[in-house]
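A short write-up of the structure that comes next.
We count ligands from 1, going down the list as the structure has it; atoms in each ligand are counted the same way.
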Amino acid sequence: MANNRRPENMERITTPELARAFIAEQLEALRAQIGEKKVLLALSGGVDSSVVAALLIRAVGKQLTCVHVNHGLLRKGEPEQVVRVFRDEMDANLIYVDAVDRFLDKLAGVAEPEQKRKIIGAEFIRVFEEEARKLDGIEFLAQGTIYPDILESGPVKAHHNVGGLPEDLQFELVEPIKFLYKDEVRVVGHELGLPDNMVYRQPFPGPGLGVRCVGAITRDRLEAVRESDAILREEFAKNGLEGKVWQYFTIVPDFKSTGIRDGLRTYDWPVVIRAVNTRDAVTATVEDVPFALLQHITARITSEVKGVNRVLYDLTPKPTGTIEWE
Ligand code: XMP
């Protein structure tokens, strides 16, 4: 059993110097562990897997193969950014899997939130397994496990690993950031030259936009979630709220309401905006977003997002509302 305790004397990585020392130490350790062998990594583009990818690219270059599964539930521009940063700029071996239809077909008609999560998790493992089987001679599986995953480890943390691979497809694990806290991972990621919007991004659930497209996912509502989320993020960034508000996103419920556009009656979806602050995600308060900004975002969403005629702001703290709607 691997040692899963952070060393008592390990200094908190808060500065570029400490990050550089950590990186140097890890490169040596990774090269010693992996030697001339091959490593596989599921690269979501989230900060943890991105930092692991960047470390491994430096340590063992083309001995690493990254698999990026686009399940259709990522934010606007994310799959493209993964390809650009890792394949084009860092020259990594990257397999990009367009699994959008596959996931959306499996999810069609499924309304129950936990069932949706299960389908997304299981399908992810299946796609990854298929890709792994196509590759020869892989001996290691790298994972972006971080220290809170180990401390909180329970059934819900499965989103951070591809645990669940079948018996005949087991690899030795490579977990270079398993003793780091999130803030340390970000300092290291910055030092590795990853883009700021990858390193400092807000938390994003494993099932992605799937839990923000309430009820049974349809392609039109999913696009409405993705487009409205992109507008919200753009406006928060422009107005100095990026990095200040802990988590902010949009939700599209599965009901319609009447509206009016160009003198004609519409019957379209609402978009709900949620913006919360929290220390630990156990409780949360609602961000006091300036009313004029909310009005501006509303005007943009109702004019730019297809099928949407109304915007609401969720004023509910946690409790009683969870942060996500599902
Ligand atoms: P809730 O909605 O429970 O969310 O108040 C608390 C935090 O957890 C995130 N979240 C998830 N993260 N897989 C994840 O990786 C999930 O299934 C999941 N559900 C919620 C949520 O975004 C928030 O930051």
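- Comparing Ala281, Pro207, Gly46, Ala284 against atom 6 (C) of ligand 1, the shortest heavy-atom distance belongs to Ala281.
- Geometric assessment of Arg221 against the ring of Trp269 yields a positive cation-pi assignment under the 6.0 Å and 45° thresholds.
- No N or O atom of Arg212 sits closer than 3.5 Å to an N or O atom of ligand 1.
- The hydrophobic cluster around Phe249 extends to Val214, Trp246, Ile251, Val272, Val276, Leu312, Ile323, Trp325, counting ILVMFWY residues whose side-chain heavy atoms fall within less than 4.5 Å of a member.
- Near Trp246, with a cut-off below 4.0 Å to any heavy atom, the atoms of ligand 1 are 24 (O).
- The shortest N or O to N or O distance between Glu326 and ligand 1 is not under 3.5 Å.
- Between Pro203 and ligand 1, not a single N/O pair is under 3.5 Å apart.
- Residue Pro205 holds the heavy atom nearest to atom 11 (C) of ligand 1 of all those in Gly206, Gly210, Pro205.
- Judged as a side chain to side chain contact (heavy atoms under 4.5 Å, CB included), and not counting sequence neighbours, the contacts of Asp168 are Arg133, Pro166.
- At least one cation-pi condition fails for Arg87 and Tyr96: the charged atom is not both under 6.0 angstrom from the six-membered ring centre and inside a 45 degree cone around its axis.
- Here Phe140 and Phe171 keep their ring centres 6.0 angstrom or further from each other.
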